[in-house]
Amino acid sequence: MTLSVYNTLTRRQEPFETVEAGKVKMYYCGVTVYDYCHLGHARACIVWDVVRRYLQFIGYDVRYVQNFTDIDDKILNRARQEQSSMEAVAERFIEAYFEDMRRLGIKDADEYPRATHTMNGIQRLIHELENKGYAYPSHGDVYYAVRQFSEYGKLSGRNLEDMQAGASERVNLEDPEYQKKKDPFDFALWKAAKQGEPAWDSPWGKGRPGWHIECSAMVRDRLGDTIDIHTGGADLIFPHHENEIAQSEVVTKKPLAKYWLHNGMVKVDGEKMSKSLGNFITIRELLDKGVHPMAVRLFVLQAHYRKPIDFTDEAIASATKGYETLKEGLLFGHKYGKQLGWEIGAKDLEPGTGKNSISSSQLSIANPYINRFFEAIDDDFNFSGGLPVLFELAKELQREGNILTHEGKTVTTADVLRAQWQTLVTLADVLGFDAKVEEETSVNESLSDAKIEELIQERQQARQAKNFALSDRIRDELQAQGITLIDSRDGTRWHRS
Ligand SMILES: Nc1ncnc2c1ncn2[C@@H]1O[C@H](COP(=O)(O)OP(=O)(O)OP(=O)(O)O)[C@@H](O)[C@H]1O
Ligand SMILES: [Zn+2]
């Protein structure tokens with residue numbers, strides 16, 4: 001079977017064929033940085049992280065770009081509340097983004113463009129839209145004229161006439177914002193500067209870009225006219241992605257993306273978890289409470305990526321239990337490899353980096369598992385369908401581990417067990433699951449929170465006394481025990497890995 005994916009644009013599952021053979025250009029609409037990331041963002045980032053890992057695993061050279069929206073009314077509001085600046089708020093939450101996502105084992109994207117760094121590309125696009133008659137200036141703003149683009153609505157399946165009929169009662173024609181537009185569905189490409197807000201010079205006067213145009217500009221600047229996969233949450237299909245298409249395609253005369261993929265929402269009591277609704281749990285709250293990052297990953301991957309999932313304590317508890325089984329399997333080689341007489345170097349114990357990490361003879365033993373895994377995932381990235389393969393292997397290894405402990409021998413041969421274990425480690429790595437040996441340390445043996453705080457104090461004093469050798473040693477010793485320190489202007493935070 002070969003990979004096929006559900007394309008929001010065509011509403012069909014289609015064979016996956018890239019623009020350029022062997023290469024995938026992929027763009028994800030990332031976060032607006034005015035608060036800590038929540039579990040909904042974790043879901044989106046985990047899903048696209050795993051899509052990227054899988055594409056790499058099956059041999060594609062993937063270029064993955066993810067943006068940060070660092071100009072927005074919500075960022076400005078936060079800056080006002082904190083008597084700080086838009087830049088400072090954005091910087092702080094970008095830093096926090098990296099900290100949280102790395103804790104979840106999400107690999108860094110190849111590039112992280114920001115709206116504020118893309119001002120030339122944004123203005124160039126608006127200028128071209130204006131020249132082609134798709135944009136018009138009004139009172140210092142510039143708007144996109146949706147009626148000009150005959151294909152408007154093709155992604156979301158919406159039709160301007162129906163939308164107009166539905167909205168007519170809600171549109172307040174007295175509203176000055178509406179009065180600036182020729183059509184109520186026209187959207188801002190550029191907004192005139194308001195008193196006290198950050199602004200950039202432009203041919204239309206001082207101002208700042210609208211949200212949709214930044215993604216069109218970033219895709220074009222970083223990846224070109226047509227990319228293979230454009231992703232984001234399903235909440236972005238309309239209007240954000242519809243507007244991106246409208247902006248980009250009339251300028252380039254080419255499709256913006258071959259495949260439009262959207263992840264389902266994390267919901268709380270049936271409603272989207274979102275920063276604006278305030279019904280969210282941040283990634284750091286969840287992890288600091290002791291939920292294992294890999295349990296969060298399992299929680300996310302247990303559902304098909306397009307379906308909504310409900311966040312409940314029970315669901316997280318059940319994922320935590322599930323991860324315990326997976327972890328047992330992943331640590332099998334570390335625990336029993338020697339006893340089974342495997343000749344293993346440190347490299348064998350590393351998580352797999354692709355098909356090549358399993359030799360061809362091992363691959364043939366492991367084939368049924370690998371084939372089933374591929375078959376599931378090739379069907380529209382059905383990661384949840386690939387998980388039973390991992391659990392079957394993990395349970396089998398767990399069972400053999402118990403027999404070995406109690407009877408001193410295993411039922412299956414050491415070679416087969418080794419192939420099964422390496423298959424598990426390799427396939428688990430494709431989904432981003434990784435178990436660390438130090439996780440074997442029981443809670444009793446590990447450092448208490450109080451002891452960690454004490455060592456951090458000691459390190460602080462060492463730094464003040466400029467005894468960097470000592471402060472580095474304390475940090476390294478903590479790291480060796482799975483405690484990561486993060487220094488920032490507000491002091492030192494820590495977390496267990
Ligand atoms: N609850 C959620 N479940 C899954 N994905 C989400 C969820 N919330 C946001 N996303 C996705 O995360 C990315 C960043 O979203 P964004 O920064 O707009 O977050 P948000 O919480 O929706 O914010 P706001 O409430 O201010 O709109 C987008 O791709 C979005 O679709
Ligand atoms: Zn976007």
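All residue numbers in this chain count up from 1 along the given sequence. Numbering of ligands and ligand atoms starts at 1, following listing order.
The closest side-chain heavy-atom distance from Gln479 to Thr484 is below 4.5 Å.
Evaluation of the salt bridge (Lys or Arg N to Asp or Glu O under 4.0 Å) rule for Arg284 yields Glu99, Asp100 as partners, not counting sequence neighbours. In terms of the ring pair (Phe, Tyr, Trp, His ring centres under 6.0 Å) criterion, His304 has no residue partners (sequence neighbours excluded).
Enumerated by chain and number, the residues approaching ligand 1 to less than 4.0 Å through a heavy atom are Tyr28, Cys29, Gly30, Val31, Thr32, Tyr34, His38, Gly40, His41, Lys74, Gly232, Gly233, Asp235, Leu236, Asn263, Gly264, Met265, Val266, Lys272, Met273, Ser274, Lys275, Ser276.
Between Tyr305 and Trp48, a ring centre-to-centre spacing shorter than 6.0 Å is recorded.
Pairs engaging residues 306-318 under the side-chain hydrogen bond (donor to acceptor under 3.5 Å, both in side chains) rule: Arg306-Asp380 [sequence neighbours left out].
Under 2.8 Å from the Zn ion (ligand 2) lies an N/O/S atom of Cys29, whether from backbone or side chain.
Between Met86 atom CE and Arg80 atom CZ the span is 11.0 Å, to the nearest 0.5 Å. Note that CG of Leu39 is 12.0 Å distant from CZ of Phe280, once rounded to the nearest 0.5 Å.
No other N/O/S atom of His240 lies as close to the Zn ion (ligand 2) as NE2 does.
The angle subtended at the Zn ion (ligand 2) by OE2 of Glu244 and SG of Cys215 is 100°, given to the nearest 10°.
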